[in-house]
Number of protein chains: 2
Amino acid sequence: MTNGKEDKEITIYDIAKRLKISPATVSRALQDHPRISAKTKKKIFELADEVGYRRNHFAGNLRSQKTQTIGVIVPRLNSHFMSSVIAGIELMANEHGYSLLISQSSESARKEADSAEAMFNSRVDGLMVSLAYDTNTLDHFDKFFRKKTPVIFFDRVKPHRSATSILIDNYQAAYDATKHLIEQHCKKIVHITAPPMQNVYKDRLAGYRSALEDAKIKFREENVIVTNLTQEAGYESAEKILKMKPLPDGIFVANDSCAIGCMIALKEKGIRIPEQIAFVGFNNDPMSTVIEPKLTTIAYSGFEMGEVAGRLLVNHLNSTSQINNTTTIILRSDLIVRQSSLKSPAGH
Amino acid sequence: MTNGKEDKEITIYDIAKRLKISPATVSRALQDHPRISAKTKKKIFELADEVGYRRNHFAGNLRSQKTQTIGVIVPRLNSHFMSSVIAGIELMANEHGYSLLISQSSESARKEADSAEAMFNSRVDGLMVSLAYDTNTLDHFDKFFRKKTPVIFFDRVKPHRSATSILIDNYQAAYDATKHLIEQHCKKIVHITAPPMQNVYKDRLAGYRSALEDAKIKFREENVIVTNLTQEAGYESAEKILKMKPLPDGIFVANDSCAIGCMIALKEKGIRIPEQIAFVGFNNDPMSTVIEPKLTTIAYSGFEMGEVAGRLLVNHLNSTSQINNTTTIILRSDLIVRQSSLKSPAGH
DNA sequence: TTGTATGCGTTATCAC
DNA sequence: GTGATAACGCATACAA
């Protein structure tokens with residue numbers, strides 16, 4: 001029930017006047033300042049509520065030199081994984097009164113730098129980034145580092161002495177994936193991945209290689225196919241695979257979309273999966289249960305990664321202490337076995 | 001090449017001082033004010049550039065009472081369609097100096113109202129909303145309407161005299177989808193949809209019904225299955241369908257995920273698609289080409305919808321004139337025929 | 001525990 | 001074409 005004119009914004013001055021107290025007291029009460037008596041606080045809160053007071057962020061932020069805004073730069077928005085991450089971040093941020101400024105690099109280092117610049121100009125309090133496909137330097141974040149604005153890299157990260165990283169153990173996950181194929185008696189295992197410029201692909205390649213070597217299978221350069229990991233790339237990779245002699249009997253792909261593109265193409269050529277070629281993907285995209293046979297994959301939660309990153313940043317921002325910045329957080333990932341990799345009926 | 005201390009923010013005062021002119025002139029020049037001489041403008045721009053001046057949004061917005069921020073509320077972030085819409089909005093917004101404040105309602109009218117409240121408190125210059133599953137009133141946007149803050153509904157819309165709507169012709173699309181099934185000689189066509197509370201489902205139901213009636217097929221209430229349209233719901237709907245006698249020979253589902261869930265379940269029960277039951281979905285989700293057989297569906301571009309909505313809002317905000325608000329914009333949609341609906345080999 | 005006074009960096013309204 | 005000056009709404013150092 002608002003009575004009278006609704007369109008005039010209420011300020012702390014209005015409240016102060018009506019309560020015959022000073023604006024400073026109102027300001028402090030609204031911030032739950034300890035040195036204000038419970039009584040006055042109550043009065044103030046009640047009136048504020050009644051007249052529909054809303055804090056003017058611009059005035060407050062101008063004064064306090066804080067923006068209450070977190071910048072997020074991702075390669076693309078429209079992947080299941082990334083939008084889950086954003087959802088996780090959004091949850092934490094909203095809970096703590098932060099807003100999100102979201103921007104996509106479209107997998108381009110240049111656009112990533114532009115976005116960083118824009119974020120910097122917006123004076124975000126903190127920045128969360130998953131690096132673009134071809135980012136190979138962190139120079140465009142120097143401004144943030146110099147200004148001690150916290151920067152968190154997630155999933156696609158590069159180590160930096162003044163940034164936090166959140167990721168999974170890509171090496172181990174790839175090792176497990178490859179080992180699983182070996183246990184299914186695969187002898188020639190191909191790895192489809194992106195250029196090893198990003199940690200995720202470098203580590204997955206290393207895990208793949210180690211698993212092979214531990215099983216006394218020789219690692220061969222020619223069994224690694226480097227693509228951009230899109231579904232189309234997977235489709236095209238199938239041609240290369242069909243030319244291999246002998247045909248591989250197992251393929252470990254560094255992401256699900258690409259694996260699925262490849263599977264579709266191979267199936268069209270009459271290859272039987274998993275009998276002739278077994279498949280393991282990466283990411284547990286919803287599509288992995290739609291493809292036939294269902295895709296064995298590495299699962300890790302984007303939502304959780306977003307939550308963790310968000311919580312970390314919020315804690316950092318709310319604590320006055322300078323937290324040690326160069327942390328690395330490893331989240332859990334799991335191999336999910338589905339039909340696409342099961343040569344032997346139900347785990348031999 | 002910045003020389004000296006980098007951490008002190010440059011203000012228009014600093015520029016004014018160094019150029020021995022007034023801050024007012026600097027401010028005007030930076031806004032490209034017509035009454036400032038080209039010469040002084042040039043000097044100012046150059047120096048601003050050199051010293052790395054960046055405008056303080058908070059001060060400016062406090063003064064001008066504009067936030068340069070657009071609020072976006074969507075049911076969920078992590079669907080292909082929605083993240084494409086966001087990408088489209090982001091493109092337009094960034095181009096015109098607007099930031100995006102994004103929040104998800106998680107398909108709950110209550111959370112939607114909360115988000116709207118938060119957006120209102122953040123004083124967004126404009127709001128873009130795709131309504132939650134169970135939103136049946138627009139009351140929680142009244143504050144915006146009263147304050148004449150432009151509101152644009154997209155995809156899941158409700159008509160309102162002071163809001164713009166952007167959507168596709170759901171009636172026609174559903175009509176076409178159903179007609180297509182009829183042309184494939186389907187006699188008993190089931191429709192799986194959500195409660196007709198939202199325009200999209202109401203209109204799709206109406207289109208389905210009209211197509212049937214135009215083909216002299218009696219519309220039957222019991223052939224409409226109401227669910228929440230998730231993939232799981234599709235899976236469960238399969239049970240209901242299997243109990244029908246006779247079995248339907250065509251199913252039109254109001255979205256792809258649900259269609260796919262249903263197809264998977266039916267295939268598990270040995271039903272042949274499309275021979276026994278033909279399928280048409282809605283949305284052209286990437287999954288629709290992964291499922292086997294590939295899913296016939298209605299395609300429309302989320303990215304385009306986002307772009308159009310963004311452009312409209314930006315134009316509105318930049319023009320001083322009060323544009324007629326109660327516009328409705330219909331975007332194009334297309335029936336994409338794939339194997340899931342082709343009973344007769346390749347279009348008879 | 002509360003009040004006074006000032007400044008955060010802009011933009012806008014006057015003047016000149 | 002440019003300059004002085006007053007807000008915008010809040011938070012805080014300093015008083016009381």
Side-chain angles (χ1 to χ4, degrees), chain A residues 7-45 47-48 51-69 97 120-123 125 147 317-318 320, chain B residues 7-45 47-48 51-69 97 99 120-123 125 147 318 320:
Chain A
D7 38 355
K8 199 136 224 140
E9 288 292 344
I10 307 285
T11 73
I12 53 171
Y13 281 88
D14 301 322
I15 298 189
K17 225 172 292 172
R18 284 193 42 179
L19 254 31
K20 297 192 199 312
I21 55 181
S22 91
T25 304
V26 178
S27 172
R28 283 188 275 245
L30 257 16
Q31 293 171 82
D32 210 20
H33 191 114
R35 282 194 309 226
I36 299 291
S37 80
K39 240 189 305 189
T40 36
K41 266 188 198 166
K42 183 151 180 268
K43 274 197 312 193
I44 290 170
F45 274 118
L47 182 57
V51 298
Y53 165 80
R54 31 181 209 156
R55 178 175 182 278
N56 185 321
H57 296 148
F58 297 97
N61 295 343
L62 174 59
R63 180 59 233 255
S64 63
Q65 304 287 37
K66 296 226 167 306
T67 66
Q68 295 291 110
T69 299
F120 187 69
N121 289 339
S122 298
R123 293 166 161 77
D125 288 339
K147 221 181 151 214
L317 292 174
N318 287 344
T320 47
Chain B
D7 39 353
K8 198 135 224 142
E9 288 291 346
I10 308 286
T11 73
I12 53 173
Y13 276 87
D14 302 321
I15 299 189
K17 227 171 291 171
R18 283 192 43 178
L19 255 29
K20 296 191 200 312
I21 54 180
S22 92
T25 304
V26 177
S27 172
R28 282 188 277 244
L30 258 15
Q31 292 172 82
D32 211 21
H33 190 113
R35 281 194 308 228
I36 299 290
S37 81
K39 238 188 310 190
T40 36
K41 265 188 200 168
K42 185 153 177 267
K43 275 196 310 192
I44 291 169
F45 274 117
L47 182 58
V51 298
Y53 165 79
R54 31 180 209 158
R55 177 174 181 279
N56 186 319
H57 296 147
F58 296 96
N61 295 343
L62 174 60
R63 185 56 236 249
S64 65
Q65 305 286 38
K66 295 222 166 310
T67 66
Q68 294 293 110
T69 298
S99 298
F120 187 69
N121 289 339
S122 298
R123 294 165 161 79
D125 287 339
K147 219 182 153 213
N318 287 344
T320 47

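Lettering follows sequence order; numbering is per chain, from 1.
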So what does B:R54 hit on the nucleic acid, given a heavy-atom distance under 4.0 Å: a base, only sugar-phosphate, or nothing? sugar-phosphate
Rounded to whole angstrom units, what separation is found between the CG atom of A:N56 and the P atom of C:dC8? 18 Å
For A:Q31 and C:dT2, give me the distance from atom CD to atom P, rounded to whole Å. 15 Å
Identify whether any heavy atom of A:L30 sits under 4.0 Å from a base atom; if not, whether one sits that close to sugar-phosphate; answer base, sugar-phosphate or nothing. nothing
Want to settle it: does A:T40 or A:A59 sit nearer the 5' end of DNA chain C, counting the closest nucleotide to each? A:T40
When you get a sec, tell me which of C:dT11, C:dA5, D:dG3 is the closest nucleotide to the side chain of B:I21? D:dG3
Contact under 4.0 Å: B:Q65 side-chain N or O vs C:dA12 OP1/OP2: no
Residue met sooner reading DNA chain D from 5', once A:R35 and A:S27 are mapped to nucleotides: A:S27
note: A:R63, atom CZ; C:dG9, atom P; distance rounded to Å ~ 10 Å
Taking any heavy-atom pair under 4.0 Å as a contact, classify A:R28: base, sugar-phosphate, or nothing. base
Establish, yes or no, whether the cationic atom of A:R54 lies under 6.0 Å from the six-membered ring centre of B:F120 and within 45° of the ring axis. yes
Judged by atom type as modelled, is there a donor-acceptor pair below 3.5 Å linking the side chain of A:S64 to the main-chain atoms of A:G60? yes
Give the rounded distance in Å between these two atoms: NE2 of B:H57 and P of C:dT10. 10 Å
Do any side-chain nitrogens or oxygens of A:T25 fall under 4.0 Å of OP1 or OP2 in C:dG3? yes
Between D:dC10, C:dT2, C:dG9, which one does the side chain of B:L62 approach most closely? C:dG9
Remember a base hit wins even if backbone is also touched, and classify B:Y13 as base, sugar-phosphate or nothing at under 4.0 Å, heavy atoms. base
In whole angstrom, what separates A:H33's NE2 from C:dT2's P? 10 Å
Given D:dT2, is OP1 or OP2 found less than 4.0 Å from the side-chain N or O atoms of B:S37? yes
